[in-house]
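Single-structure report; data block below.
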2 protein chains.
Amino acid sequence: MTTGQRRLRADAQVNHERVLEAAARAFAQEGADTSLKAIAKNAGVGIGTLYRRFPTREDLIEATYRRETERLAESAGELLGRLPPEDALRQWMEGFVGYVMTKNGMSEALPGILAAREGLRTHSRDLLCAAVDRLLRAAVAAGTVRDDVPAADVMMAAGGVALIASHESQRDLASRLLDLVMAGLRLTASLGPPPPRRPGTGSPPPSSS
Amino acid sequence: MTTGQRRLRADAQVNHERVLEAAARAFAQEGADTSLKAIAKNAGVGIGTLYRRFPTREDLIEATYRRETERLAESAGELLGRLPPEDALRQWMEGFVGYVMTKNGMSEALPGILAAREGLRTHSRDLLCAAVDRLLRAAVAAGTVRDDVPAADVMMAAGGVALIASHESQRDLASRLLDLVMAGLRLTASLGPPPPRRPGTGSPPPSSS
DNA sequence: ACTATAACCGGAGCCAGCTCCGGTTAAAGG
DNA sequence: CCTTTAACCGGAGCTGGCTCCGGTTATAGT
């Protein structure tokens with residue numbers, strides 16, 4: 001409903017759906033480098049149809065995960081509701097990184113999504129940016145965070161962390177880098193990376209929040 | 001395992017050189033996605049030879065730029081010689097990011113290089129990490145920078161900045177993100193992105209943990 | 001100098017990404 | 001219901017990445 005594009009012909013719309021479903025299945029099972037031919041066949045359409053609708057692999061990836069991206073963006077509100085703004089921001093970025101690392105192919109497409117100024121991929125980018133903006137403003141208002149860093153920059157920082165940690169999925173590295181980002185955002189130089197948390201060694205953080 | 005690689009046969013060594021030369025030319029002219037077939041033909045070898053020597057595209061990229069990577073790593077010393085440690089670190093990272101953005105294909109191969117624990121690409125990674133370590137230690141010794149952030153993390157942070165800014169080569173974004181990283185590294189919360197110049201000398205001990 | 005052998009060379013071949021175009025069909029108008 | 005037309009479908013086909021193997025050649029030992 002939010003799609004403002006011109007109405008597709010009925011059959012085209014059906015095919016569109018089927019491709020996305022097949023893509024979701026394929027990315028989840030086969031990984032990021034699945035054969036697009038296979039996706040097309042699996043969806044019962046020709047390869048030409050797939051490419052007409054999703055000119056690049058990134059377009060397909062972005063569309064496949066769009067729903068979940070929206071959910072991620074929406075989670076900002078929920079976090080703000082139950083955590084202090086600064087913690088909410090930190091938590092959201094952690095979630096963002098985990099999201100990128102989890103969804104196969106996402107790290108592949110992320111640069112294109114975050115940098116998107118041309119094309120249609122702007123949608124995901126704007127959603128994420130708005131979420132960061134909301135979190136950041138709240139933290140700034142709380143007085144613990146600098147007010148001279150644009151939300152877009154914070155988003156890019158989180159994206160950079162996600163990208164560099166995505167390889168070999170180094171979750172703990174990502175966490176430390178996010179600590180660094182937060183330290184850079186804070187007004188007061190607070191050194192300790194983990195807040196007042198000291199559960200001990202061995203960190204199995206199930207991100208299911 | 002400390003055994004150096006076995007000497008190549010004379011002809012193999014020549015071919016190795018020629019491939020690297022052709023690759024350097026191709027990457028510079030055609031961009032990151034040059035045809036490897038073309039490189040092989042241009043070097044006067046078969047495609048099989050190229051792939052035997054450089055199993056993946058990343059291997060070829062890493063080898064092609066190895067010389068320049070070494071130069072970049074060495075530049076740390078020179079920077080330390082003419083700038084306060086903190087500025088040297090910042091400057092080096094700026095150089096690193098510019099390097100990645102300039103060399104075609106580098107951003108493609110960077111994650112593999114920085115994450116390398118398997119394989120032979122460890123060389124470049126270790127060099128860069130050593131350079132960062134040197135700069136970081138100097139800055140810590142000068143007393144303006146935290147001592148609880150591993151050099152590897154700082155390197156990864158710079159890598160993340162390079163990656164996320166590499167798309168569309170957003171140099172100013174990279175610069176701002178490096179400001180953020182530096183702010184996160186500093187002991188004193190200095191807000192202004194461009195460092196306010198504090199060549200303070202001789203304050204040895206950081207605060208007790 | 002000659003032979004044995006291990007390493008090397010290089011292209012044929014398979015597979016996937018991506019493009020292009022002729023046939024087909026939904027949708028609107030008479 | 002029939003015609004028109006514009007949009008859609010899908011695969012043939014070209015290109016490039018990557019593998020595999022038979023022929024060739026440097027190098028060591030006699």
Side-chain angles (χ1 to χ4, degrees), chain A residues 3-23 25-27 29-64 104-105 108-109 111-112 118-121, chain B residues 3-23 25-27 29-64 104-105 108-109 111-112 118-121:
Chain A
T3 61
Q5 340 211 32
R6 183 167 70 258
R7 262 294 267 286
L8 290 176
R9 227 169 69 174
D11 50 349
Q13 209 148 2
V14 169
N15 280 341
H16 189 91
E17 295 292 326
R18 299 181 54 159
V19 167
L20 283 182
E21 285 167 24
R25 254 176 294 145
F27 284 134
Q29 288 178 10
E30 305 275 342
D33 51 352
T34 307
S35 158
L36 296 189
K37 240 168 199 164
I39 291 180
K41 172 178 285 187
N42 219 308
V45 305
I47 186 67
T49 300
L50 190 153
Y51 271 97
R52 189 174 338 98
R53 210 58 70 194
F54 309 99
T56 74
R57 177 180 283 264
E58 287 177 10
D59 286 317
L60 179 58
I61 294 173
E62 194 267 348
T64 301
N104 275 326
E108 198 106 334
E118 12 123 13
L120 324 150
R121 280 178 302 227
Chain B
T3 65
Q5 343 208 39
R6 189 166 62 261
R7 264 289 271 289
L8 288 176
R9 230 169 67 175
D11 51 347
Q13 209 149 3
V14 170
N15 279 342
H16 189 90
E17 295 291 325
R18 298 179 57 161
V19 168
L20 282 182
E21 285 167 22
R25 255 176 292 146
F27 285 134
Q29 289 178 10
E30 305 275 341
D33 50 352
T34 307
S35 157
L36 295 188
K37 243 169 197 164
I39 291 180
K41 174 178 285 189
N42 219 307
V45 305
I47 186 66
T49 299
L50 190 154
Y51 271 97
R52 189 173 336 100
R53 212 59 71 193
F54 307 101
T56 75
R57 179 180 281 263
E58 286 177 8
D59 286 318
L60 180 58
I61 294 174
E62 194 265 350
T64 300
N104 274 325
E108 196 105 337
E118 14 124 11
L120 323 150
R121 279 179 302 229

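As the structure is a prediction and not an experimental result, all values here were calculated from the model. Reminder, nothing fancy here: chain letters follow the sequence lines and each chain counts from 1. Heavy atoms only: backbone and side chains are in, while hydrogens, waters and symmetry mates are out.
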Interatomic distance, [X] atom [atom1] to [Y] atom [atom2] [nearest 0.5 angstrom]:
X      : Y     : atom1 : atom2 : result
B:E62  : B:T64 : CD    : OG1   : 9.0 Å
A:I47  : A:S35 : CD1   : OG    : 7.0 Å
A:N104 : A:Q29 : CG    : CD    : 11.0 Å

Could you state the atom-to-atom distance from [atom1] of [X] to [atom2] of [N] in whole Å?
X     : N      : atom1 : atom2 : answer
B:Q13 : D:dT25 : CD    : C1'   : 16 Å
A:N15 : C:dA26 : CG    : C1'   : 13 Å
B:D59 : D:dC18 : CG    : P     : 11 Å
B:L60 : D:dG17 : CG    : P     : 11 Å
B:R57 : D:dC18 : CZ    : P     : 7 Å
B:K41 : C:dC9  : NZ    : P     : 19 Å
A:I39 : C:dG17 : CD1   : C1'   : 12 Å
A:R18 : D:dC8  : CZ    : P     : 17 Å

Got a list of protein N/O to nucleotides 20-23 of chain C N/O distances below 3.5 Å?
none

Quiz prompt | Check: B:A12 main-chain N/O paired with B:R53 side-chain donor or acceptor under 3.5 Å | solution = no
Quiz item: Hey, is the main chain of A:L36 close enough, under 3.5 Å, to the side chain of A:R57 for a donor-acceptor pair?
Solution: no
Please pick, from [options], the nucleotide with the shortest atom-to-atom distance to any side-chain atom of [X].
X     : options                : answer
A:I47 : D:dC8, C:dC18, C:dC9   : C:dC18
A:T49 : C:dC8, D:dC9, C:dG17   : D:dC9
A:K37 : C:dA27, C:dG13, C:dG17 : C:dG17
B:S35 : C:dA27, C:dG10, D:dG16 : D:dG16

Quiz item: Can you name the nearest heavy-atom pair linking A:A32 to A:F27, along with the distance?
Solution: O-CE2, 3.7 Å
Self-check item: Minimal non-hydrogen separation, A:T34 against A:G31, with atom names
Solution: OG1-O, 2.8 Å
Exercise. Using heavy atoms to find the nearest nucleotide of DNA chain D for A:R9 and B:L36 separately, return the residue whose nucleotide is more 5′.
Key: A:R9
Quiz item: If you look at every strand shown and take non-hydrogen atoms under 4.0 Å, does B:T56 touch a base, only sugar-phosphate, or nothing?
Solution: nothing
